[in-house]
Amino acid sequence: MIRPAVPGDAPRTVPLILQAIGSIAFVLTGTNDREDADRILDGFFRRKDNRVSYQNTLVMEDVKNVVERSREVVGVALIYDGSIAIALDEPLEKAAIQRSGLSDYRIPTEAEPSEFYLDTISVDPKCQGRGFGRDLIEASCEQARRLGRDRIGLLVDIENSGAKRLYERLEFHTQGRKQIAGYEYFHMVRDLAASRL
């Protein structure tokens, strides 16, 4: 089951986000300490109106115990409108400026204003290979359509050929390359108007 996140999802969701974004967590938080970055992102996840907010997150749950009807978060998609990406980064940037003491600290903008942006897809390693990533991508595309967007974009590490092939199978195509935090990524997009199911 895929549903919108709530603030209480932070303990299970933030580690999945960190698993996917790796060193980008340090860029978003202004710290090089993993535990500190985790704590900071946990706090921002629980807040509104920022890039990593629960408001911009879909979670996938898997049945953990059928008898008790308990569910466990096994995947996450972090998505938002690219036209407000700079505003969504502003609270994180202000906090990073205070933490780092660098008045010119800037978080690089990943999203293009013309697209709905799929910032992060992450699935618990023990649940990979079950189509959960694909389902989260499709749910993200549907969310973009509901909000009136006709294009979704994402970045994929140029060395992650497996992820690139997955996105290509899901109708994404490479539109160029971007440098973020010293790493190079393919910028891939999908035309949602043409890919309606």
Side-chain angles (χ1 to χ4, degrees), residues 2-5 13 16-25 27-29 41 44-45 47-60 75-93 96 106-123 131-197:
I2 297 175
R3 63 167 174 79
T13 304
L16 290 172
I17 293 170
L18 285 165
Q19 168 187 288
I21 67 174
S23 63
I24 297 293
V27 175
L28 294 176
T29 59
L41 290 178
F44 275 105
F45 179 87
R47 292 174 43 186
K48 295 181 178 183
D49 302 323
N50 70 84
R51 180 199 287 206
V52 296
S53 171
Y54 71 91
Q55 292 176 304
N56 302 321
T57 307
L58 297 175
V59 295
M60 173 170 270
V76 61
L78 188 58
I79 53 176
Y80 49 86
D81 189 329
S83 68
I84 61 169
I86 292 171
L88 290 174
D89 280 345
E90 193 173 299
L92 288 155
E93 203 168 77
R106 296 293 172 261
I107 294 173
T109 304
E110 297 175 22
E112 295 294 322
S114 62
E115 66 193 17
F116 201 74
Y117 186 64
L118 179 52
D119 183 291
T120 304
I121 285 282
S122 185
V123 174
F132 291 167
R134 181 191 65 243
D135 292 345
L136 282 162
I137 293 165
E138 292 300 339
S140 299
C141 290
E142 188 53 39
Q143 175 83 350
R145 283 188 197 102
R146 275 194 301 274
L147 295 174
R149 300 309 300 260
D150 59 5
R151 179 176 130 152
I152 190 164
L154 56 85
L155 296 181
V156 61
D157 188 316
I158 62 167
E159 295 186 15
N160 192 344
S161 58
K164 185 173 185 282
R165 282 192 304 274
L166 169 65
Y167 295 129
E168 288 170 341
R169 284 193 304 271
L170 296 173
E171 302 177 40
F172 285 84
H173 65 276
T174 302
Q175 186 156 352
R177 293 180 180 212
K178 285 191 174 192
Q179 290 272 343
I180 304 286
Y183 295 94
E184 191 168 9
Y185 299 88
F186 289 116
H187 177 223
M188 301 184 76
V189 297
R190 176 173 165 179
D191 178 2
L192 297 175
S195 65
R196 291 193 187 271
L197 299 176

Quiz item: What residue among His187, Glu112, Glu184 forms side chain to side chain donor-acceptor pair (under 3.5 Å) with Lys178?
Solution: Glu112
Quiz item: Could you go step by step and tell me if Glu138 and Arg134 meet the salt bridge (charged side-chain N to carboxylate O under 4.0 Å, His left out) rule?
Solution: CA-CA 6 Å; Glu138 292 300 339; Arg134 181 191 65 243; over 6 Å; no
Exercise. Go through Asn56 and Arg51 one step at a time and tell me if the side-chain contact (heavy atoms from CB on, under 4.5 Å) criterion holds.
Key: CA-CA 7 Å; Asn56 302 321; Arg51 180 199 287 206; 5.5 Å; no
Quiz item: Does Glu93 reach the main-chain N or O of Ile107 with its side chain, forming a donor-acceptor pair under 3.5 Å?
Solution: yes
Self-check item: Least distance between heavy atoms, Val59 atom then Ala5 atom
Solution: CG1-CB, 4.0 Å
Practice problem: Taking all heavy atoms of Asp191 and all of Asp150, pick out the closest pair and write down the distance. | Solution: OD1-O, 3.3 Å
Exercise. Report the distance from atom CZ of Arg177 to atom OH of Tyr185, rounding to the nearest 0.5 Å.
Key: 13.5 Å
Quiz item: Got more than 12 heavy atoms from elsewhere within 6.0 Å of CG, Leu147?
Solution: yes
Practice problem: Would you give the length of the straight line joining atom CD1 of Ile137 to atom CZ of Arg190, rounded to the nearest 0.5 angstrom? | Solution: 8.5 Å
Practice problem: Would you sort out whether Gln175 and Glu115 count as a side-chain contact (heavy atoms from CB on, under 4.5 Å), showing the intermediate values? | Solution: CA-CA 12 Å; Gln175 186 156 352; Glu115 66 193 17; 5.8 Å; no
Quiz item: Hey, what do you get for CG (Leu16) to CG (Leu78), rounding to the nearest 0.5 Å?
Solution: 11.5 Å
Self-check item: Closest heavy-atom pair and its distance - Leu136, Ser122
Solution: CD1-O, 4.2 Å
Quiz item: Can you tell me if Tyr183 and Asp157 form a side-chain donor-acceptor pair at under 3.5 Å?
Solution: no
Self-check item: Separation between CZ of Arg47 and CG of Leu92, rounded to the nearest 0.5 Å
Solution: 8.0 Å
Quiz item: Got a donor-acceptor contact below 3.5 angstrom from the Asn50 side chain to the Phe44 backbone?
Solution: yes
Exercise. Answer yes when Arg145 and Glu142 have at least one side-chain N-carboxylate O distance shorter than 4.0 Å, and no when they do not.
Key: yes
Self-check item: Distance-minimising heavy-atom pair for Ile79 and Leu58
Solution: CD1-CD1, 3.8 Å
Quiz item: Hey, is CD on Glu159 packed in by over 12 heavy atoms from elsewhere, all under 6.0 Å?
Solution: no
Practice problem: For side-chain contact (heavy atoms from CB on, under 4.5 Å), just list the numbers for His173 and Val189, CA-CA rounded to whole Å, side-chain angles, deciding distance to a tenth of an Å, and then say yes or no. | Solution: CA-CA 6 Å; His173 65 276; Val189 297; 3.3 Å; yes
Exercise. For the pair Arg151 and Phe116, evaluate side-chain contact (heavy atoms from CB on, under 4.5 Å) and give the outcome as yes or no after the intermediate values.
Key: CA-CA 6 Å; Arg151 179 176 130 152; Phe116 201 74; over 6 Å; no
Self-check item: Thr174 and Lys164, any side-chain heavy atoms less than 4.5 Å apart
Solution: yes
Practice problem: Quick one: pull up CD1 in Ile121 and CZ in Phe132 and give me the separation to the nearest 0.5 Å. | Solution: 13.0 Å
Exercise. Spell out, as yes or no, whether a donor-acceptor pair under 3.5 Å connects the side chain of Arg149 to the backbone of Ser114.
Key: yes
Exercise. Heavy atoms only: give me the nearest Leu118-Ser140 pair and the separation to one decimal.
Key: CD1-OG, 3.7 Å
Quiz item: Looking only at heavy atoms, which two atoms of Ala25 and Leu41 are closest? And how far apart?
Solution: CB-CD1, 4.0 Å
Quiz item: Nearest 0.5 Å, what's the OG1-CG distance between Thr120 and Leu154?
Solution: 10.5 Å
Quiz prompt | Validation row: Ile17, Phe45 side chains within 4.5 angstrom (heavy atoms) | solution = yes
